[in-house]
Amino acid sequence: MSVQPIRLFGDPVLITKAEPVVDFDAELRRLVADLTDTMQDAPGSGLAAPQIGVGLRVFTYHVEGELGHLINPELSLSTDDQFGPEGCLSIPGLTFDCRRAQSVIAKGFNMYGDPVVIEGSDLLARCIQHETDHLDGILFVDRLDRETRKLAMKAIRESEWSGLAGPPQIKVSPHPTNGFGL
């Protein structure tokens with residue numbers, strides 16, 4: 001298992017919808033391990049496979065001491081919402097207030113193909129929604145209100161990682177990408 005480079009805002013893999021996982025094999029388990037290692041090294045609360053250049057519907061999370069992963073998630077969201085700070089490892093150093101559902105029921109699979117249901121609220125709900133958005137090619141800045149999004153885009157353009165030194169460097173993932181992340 002190893003820490004992988006995290007793709008930054010502007011990398012096309014981050015706005016590309018990920019493909020469902022169909023093979024629950026050793027390669028998938030290595031991907032989950034790499035995502036976990038990379039997320040914990042960053043450190044972050046969650047990390048989706050596209051963030052390391054893999055176009056598969058997989059994410060890991062580590063929220064309030066709960067470490068886990070979910071594959072091929074399907075979400076049911078509460079009608080009540082929360083509004084609070086959100087950041088992203090692919091948009092380092094920046095946080096903005098974002099509206100999310102207060103609670104979520106996430107159904108999917110673990111790395112062995114066993115069905116999993118995760119119920120969460122507050123930070124866990126925010127994390128699950130954020131990471132599932134990554135799998136759909138959506139970044140949290142896409143969910144900000146118009147004025148906050150303008151401020152976020154300005155902050156991204158002005159950040160030292162934003163490409164002032166050139167275009168983002170694309171690295172090849174050791175995981176199968178099914179044609180994504182090239």
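For clarity, every value in this text was computed on a predicted model and none was experimentally measured.
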(message) Within this structure, what is the CE-OG1 distance for the pair M111 and T60, rounded to the nearest 0.5 Å?
(response) 10.5 Å
(request) Could you work out the complete set of other residues in the hydrophobic cluster of I118, with links drawn between I, L, V, M, F, W and Y side chains under 4.5 Å apart? (result) F59, Y61, V63, L70, L75, L77, V104, V116, L123, L124, I128, L135
(request) Locate the shortest heavy-atom distance separating K17 from D136; write the atom from each residue and the value. (result) CE-OD1, 3.6 Å
(message) Would the distance check show the side chain of D37 and the main-chain N or O of V3 forming a donor-acceptor pair, the cut-off being under 3.5 Å?
(response) no
(request) List the atom of R149, the atom of V141, and the distance in Å for their closest heavy-atom pair. (result) NE-O, 3.3 Å
(message) Rounded at 0.5 Å granularity, tell me how far CG in L144 sits from CZ in R146.
(response) 13.0 Å
(request) Could you check if a side-chain atom of C88 sits within less than 4.5 angstrom of a side-chain atom of H130, using non-hydrogen atoms only? (result) yes
(request) Measure the CD-CD distance between Q129 and Q102 for me, rounded to the nearest 0.5 Å. (result) 9.5 Å
(request) Take R126 and C98, measure what side-chain contact (heavy atoms from CB on, under 4.5 Å) needs, and give me the verdict at the end. (result) CA-CA 9 Å; R126 179 176 296 279; C98 183; 3.9 Å; yes
(message) Between Q82 and D122, is there a side-chain donor-acceptor contact under 3.5 Å, judged purely by atom types and distance?
(response) no
(request) Side-chain contact test, heavy atoms from C-beta onward, threshold under 4.5 Å: evaluate it for E160 versus S162 and give yes or no. (result) no
(request) Mind listing the closest non-hydrogen atom pair of D97 and T148 along with its distance? (result) O-CG2, 4.3 Å
(request) Decide whether L94 and L14 are clustered together by the hydrophobic rule: side chain heavy atoms of Ile, Leu, Val, Met, Phe, Trp, Tyr closer than 4.5 Å, transitively. (result) yes
(message) Could you tell me if the side chain of L28 sits less than 4.5 Å from the side chain of D23, heavy atoms only?
(response) no
(request) Examine L31 and Y112 and state if one hydrophobic cluster contains both, with Ile, Leu, Val, Met, Phe, Trp and Tyr joined whenever side-chain heavy atoms are less than 4.5 Å apart. (result) yes
(message) Counting C-beta onward and ignoring hydrogens, is there a side-chain heavy-atom pair between E86 and R143 closer than 4.5 Å?
(response) no
(message) Looking at every heavy atom in both F24 and R29, which two are closest together, and how far apart are they?
(response) O-NH1, 3.6 Å
(request) Write down the atom of A101, the atom of S78, and the distance for their closest heavy-atom approach. (result) CB-O, 3.8 Å
(message) Side-chain heavy atoms nearer than 4.5 Å, only ILVMFWY residues, links allowed to pass through others: does that put I138 and M153 together?
(response) no
List, one per line, each side-chain donor-acceptor pair under 3.5 Å for residues 39-53, sequence neighbours excluded.
from	atom 1	to	atom 2	distance (Å)
Q51	OE1	A48	N	2.9
Q51	NE2	S90	OG	3.0

(message) Using a 3.5 Å distance criterion without hydrogens, assess whether the side chain of D34 forms a donor-acceptor pair with backbone atoms of S2.
(response) yes
(request) Hey, could you give me the CH2/CD1 distance between W161 and I91, rounded to the nearest 0.5 Å? (result) 6.0 Å
(request) Answer yes if L8 and I156 sit in the same cluster of Ile, Leu, Val, Met, Phe, Trp and Tyr residues linked by side chain heavy atoms under 4.5 Å apart, and no otherwise. (result) yes
(request) Using the rule that two of Ile, Leu, Val, Met, Phe, Trp, Tyr join whenever any of their side-chain heavy atoms come within less than 4.5 Å, decide whether V22 and I71 are in one cluster. (result) no
(request) Verify side-chain contact (heavy atoms from CB on, under 4.5 Å) between V58 and L35, making sure each step is shown before the conclusion. (result) CA-CA 9 Å; V58 180; L35 281 168; 3.7 Å; yes
(message) On a heavy-atom basis, which atom in L56 and which in P20 lie closest, and how many Å separate them?
(response) CD2-O, 4.2 Å
